[in-house]
Amino acid sequence: MKSWIKKINIIYRGILFIEKIEHGIMMTHIFNSVIQAVTPFINLFMLSYIIDAITNKKPLYILLLYVFVMVGLNAIIRVVSSLMETLIKKKDMQFNLRYDMAVANKMMSMHYETLDTAETHNLRMRISEASNIFGSRIQKILMLFPGMAQAVFTVIFSTALTINLFFNMPEKNMPGIWNIINTPVFTIALLILIVLTILVNMNLTAKSTKKMMNQYDLYIPVNKVGDFYSTQYLDSYHAGKDIRLYNQKNIIIDELEQNNRNCFKIDNETAKIEYKYANINSFISTFINILVYIFVGLKAWVGALSVGNIVKYVGSFNEFISGFTRLMNSSSALLSNNQYIEQTLEFMSIDDAIFKGILPVTPNTNENAEKYEIKFENVSFKYPDSDRYILKNINITLEYGHSLAIVGENGSGKTTFVKLLCGLYKPTEGKITLNGKDIYDYKYDEYLKLFSVVFQDFKLLSFQLGNNIAVGEQYDSSKIREAIGKAGFEKRFESLEDGADTYLYNDFDLNGVEISGGEAQKIAIARALYKDAEIIVLDEPTASLDPIAENEIYSNFNEIMHGKTTICISHRLSSCKFCEKICVFDNGEIVQYDSHENLVKNTGEKYYELWNAQAQYYKNIA
């Protein structure tokens, strides 16, 4: 019993969720279900009166009245149905758009640390993959619930119309064995037989649905492989070079063919299950129909039914069987879809508000204090789902208006330090403060406005150049040109026919331009400069630039970063001489902190080791 209550509760929560996104959509569907369910019964009911009026030779005006009522009701229902169909299409379309936006908004507004957990990632992947399995997701409630509601009303209306069949008696008893037809025993026996047959059908439907859903689950890994190759290779022209140069065509085709064979195998097994249970259900439905026809026929033969009632009861029984079958099928499918509904609800209800602060971010007004001073106090950190510390006991003060270079070997914790600084992750131990207060006491959006960051894995969108730099539809053209000039992209910019209106790449515009990795990095730097934040963080800012372009960037470094707190992560230690202080990371710890001139003198220390490993590339810089 508890299990059924839980299943029904999940569907109920799913309905509430749908109503929250698109108010009134469920009631619209239910109202339409009532109209669709009652329509055939109006015709059956009125048709029985018309037939009886003809056979009993009633006056013509009565016959015409019945016909007029039936035609009038059908006309009204057609008009209402047409209006409801239009309204439902509009509601469904609005729901789908708003649902997709709700999921997208959840993804983009979710705190990065929550988003980055294996649990969240797997949950999102299961929801995404399930959507490829015959629409197995929250929208399936809209696909199945209206049909189930219509089936419920069909069963109710058909039962109401046929209930008298079992109590109608002829005006006189029939001789012999035929009189048993009019006894309660015969009626009860027939009802028990019909109910047992329906219960068998329900059980078979539940088994069929469960097996079909198990089959659908097998499609998830198959679809995952297919989608990967489709999006990463076949639909991406960026992969075309590697496919040709490394002759990846054969291995990709082999993988796709094997994946297709797996898909065909699942298809065949699914078809067998579907065919098996469809035939059994068809046989059961036929059997019930035969029982009904025999019963109604015998009732009519002994004089318990008029010709019109024969039409009404046979038609109502057929509607009952059809409605009950649809009710069982849709109910089983809806209950089997519960796991996907529950996953969606779980994802959308994730409490990811790591930042719950209420303080506004304001500059320090104390004349002897830094405008924005950030301190790491005994900060240690390990990533979610990991027991290994990436950072250990970090203590450092970032002084406002000063520049800091962070160096170290790969995996030493440099980028993780920046992620903690930007509030993308919360320290496992210790705390980070801004002007003496924990950064988590501040409003998150305001805290993020302090930073302009260029990560190693930055992303540019296939939008116009100006939109990419300003991160918005509207932008200041003069400010765009200034940022582009400081980032060293001006020469290429001058060659663009549409200037800032030029589309990057040709995903959305056939005239979009392709840009190199170095050019993309310059645009990312221009984006950081355009934001004009108080703290600028450059994570490997010149990794994709040639030596000449790199020199251009660093020769203007002081001008570019004037008055800003600047943090620069770089493997090229030649860039460190442009920063006032250098922080050396090793195995997640700060092992040195000083100026380039002082650090390079400390032989035997980590910075000296790193510097001399690259000394052949910049002999004239030391």
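Here, residue 1 is the first one in the sequence, and each next residue gets the next number.
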Worksheet item: Under the side chain to side chain donor-acceptor pair (under 3.5 Å) criterion, do Tyr530 and Ser452 qualify, and how do the steps go?
Response: CA-CA 9 Å; Tyr530 184 93; Ser452 286; over 6 Å; no
If you count the non-hydrogen atoms of other residues, nucleotides and ligands that lie under 6.0 Å from [atom1] in [X], is the total more than 12?
| X | atom1 | answer |
| --- | --- | --- |
| Lys531 | NZ | yes |
| Phe347 | CZ | yes |
| Lys479 | NZ | yes |
| Gln456 | CD | yes |

Worksheet entry | Row check, Tyr440 ring normal vs Lys426 NZ/CZ: under 6.0 Å, within 45° |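 Yes - Lys426 lies over the ring of Tyr440, closer than 6.0 Å to its centre and within 45° of its axis.
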Item to complete: Test the Lys419-Tyr112 pair against the cation-pi criterion, namely NZ or CZ under 6.0 angstrom from the six-membered ring centroid and within 45° of the ring axis.
Response: no
Practice prompt. Using a 4.5 Å cut-off on heavy atoms from C-beta on, say whether the side chain of Glu534 contacts that of Thr565.
Written response: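 A side-chain contact is absent here, since even the closest heavy-atom pair is not under 4.5 Å.
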Short side-chain donor-acceptor distance under 3.5 Å, [Y] and [X]:
| X | Y | result |
| --- | --- | --- |
| Asn259 | Glu255 | no |
| Thr433 | Asp438 | no |
| Tyr99 | Glu22 | no |

Is it true that a side-chain atom of [X] and a backbone atom of [Y] form a donor plus acceptor pair closer than 3.5 Å?
| X | Y | result |
| --- | --- | --- |
| Ser386 | Lys382 | no |
| Lys431 | Val379 | no |
| Tyr442 | Leu434 | yes |

Discussion item. Go through it in stages, so that I can follow the logic: the residues are Glu269 and Lys265, the test is salt bridge (Lys or Arg N to Asp or Glu O under 4.0 Å), and I'd like the CA-CA distance, side-chain angles, deciding distance and then a yes or no.
Written reply: CA-CA 6 Å; Glu269 291 299 319; Lys265 183 178 179 181; over 6 Å; no
Practice prompt. Applying side chain to side chain donor-acceptor pair (under 3.5 Å), run through Tyr389 and Glu429 and close with a yes or a no.
Written response: CA-CA 10 Å; Tyr389 278 94; Glu429 299 168 14; 2.4 Å; yes
Practice prompt. Would you confirm whether the ring centroid of Tyr425 sits within less than 6.0 angstrom of the ring centroid of His111?
Written response: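 Here the rings of Tyr425 and His111 have centres that are no less than 6.0 Å from each other.
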Worksheet item: Listed by chain and number, what are the side-chain hydrogen bond (donor to acceptor under 3.5 Å, both in side chains) partners of Asn74, not counting sequence neighbours?
Response: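 Once residues adjacent in sequence are excluded, the partners of Asn74 under the side-chain hydrogen bond (donor to acceptor under 3.5 Å, both in side chains) criterion are Asn43.
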Practice prompt. Give me the ring orientation class for Phe153 and Phe157: parallel if the planes are under 30° apart, tilted from 30 to 60°, perpendicular past 60°.
Written response: parallel
